[in-house]
Amino acid sequence: MLKSYLPHQLIQFLTPKAVCKEFGIPTETLSHLRECSKDSGKLRGPRFLKDGNVILYRRDAVIKYIEQNMFPEESQKSQETKKLTKLHQA
């Protein structure tokens, strides 16, 4: 499967070590998320490609995963709390 990709396309893919280096997600965490995905049948963690023993992540999938799993900033929490309080008071 990997042989069908051109070199410029493979640049978009990262190994688990490269994900760790670039985004700070430990390789052990990525491995755990893949195992949980396999066990539950539901994707946990960023989407990945597995070809034999080679595991690759698309950079944009890692970014999307991080953005979706970030806690809201404190100011966003405060605004959401205020909105909920107003709704309950109405």
Side-chain angles (χ1 to χ4, degrees):
M1 179 181 215
L2 294 177
K3 294 175 185 173
S4 63
Y5 286 94
L6 299 172
H8 74 277
Q9 292 171 314
L10 288 173
I11 292 172
Q12 298 173 26
F13 288 95
L14 303 169
T15 63
K17 281 186 178 183
V19 171
C20 180
K21 184 176 180 181
E22 187 170 333
F23 296 100
I25 303 172
T27 57
E28 297 83 9
T29 300
L30 294 169
S31 177
H32 176 74
L33 292 170
R34 289 191 308 273
E35 285 299 314
C36 289
S37 297
K38 188 170 72 173
D39 291 344
S40 70
K42 182 178 178 186
L43 181 65
R44 310 275 185 210
R47 292 182 66 199
F48 62 94
L49 167 71
K50 184 171 183 182
D51 187 12
N53 290 330
V54 177
I55 297 169
L56 297 172
Y57 293 89
R58 285 185 57 110
R59 180 176 276 106
D60 60 345
V62 176
I63 293 169
K64 182 178 178 180
Y65 169 76
I66 291 169
E67 288 175 346
Q68 290 176 341
N69 290 282
M70 288 180 69
F71 289 101
E73 292 181 24
E74 200 59 41
S75 61
Q76 286 179 316
K77 282 185 185 177
S78 299
Q79 291 172 0
E80 290 171 6
T81 303
K82 288 177 186 177
K83 287 179 187 177
L84 288 173
T85 303
K86 287 180 183 179
L87 287 173
H88 288 291
Q89 291 175 348

Decide whether R59 and Q12 meet the rule of one side-chain donor and one side-chain acceptor closer than 3.5 Å.
-> no
Shortest non-hydrogen contact from R44 toward C36 = CG-CB, 3.9 Å
Does E67 come within less than 4.0 Å of K64, counting only side-chain N to carboxylate O?
-> no
Do the non-hydrogen side-chain atoms of L43 and L33 ever get within less than 4.5 Å of each other?
-> no
Would you check, one step at a time, whether the test side-chain contact (heavy atoms from CB on, under 4.5 Å) holds for L49 with Y57?
-> CA-CA 6 Å; L49 167 71; Y57 293 89; over 6 Å; no
Is there side-chain contact between F48 and L30, with heavy atoms separated by less than 4.5 Å?
-> no
About how many Å separate CG of D60 and CZ of F13, when rounded to the nearest 0.5 Å?
-> 8.5 Å
Nearest 0.5 Å, what's the CG-CG distance between L56 and L14?
-> 8.5 Å
Compare all side-chain heavy atoms of P16 with those of R34 and state whether any distance is below 4.5 angstrom.
-> yes
For C20 and T27, the nearest pair of non-hydrogen atoms, with its separation, is CB-CG2, 4.0 Å
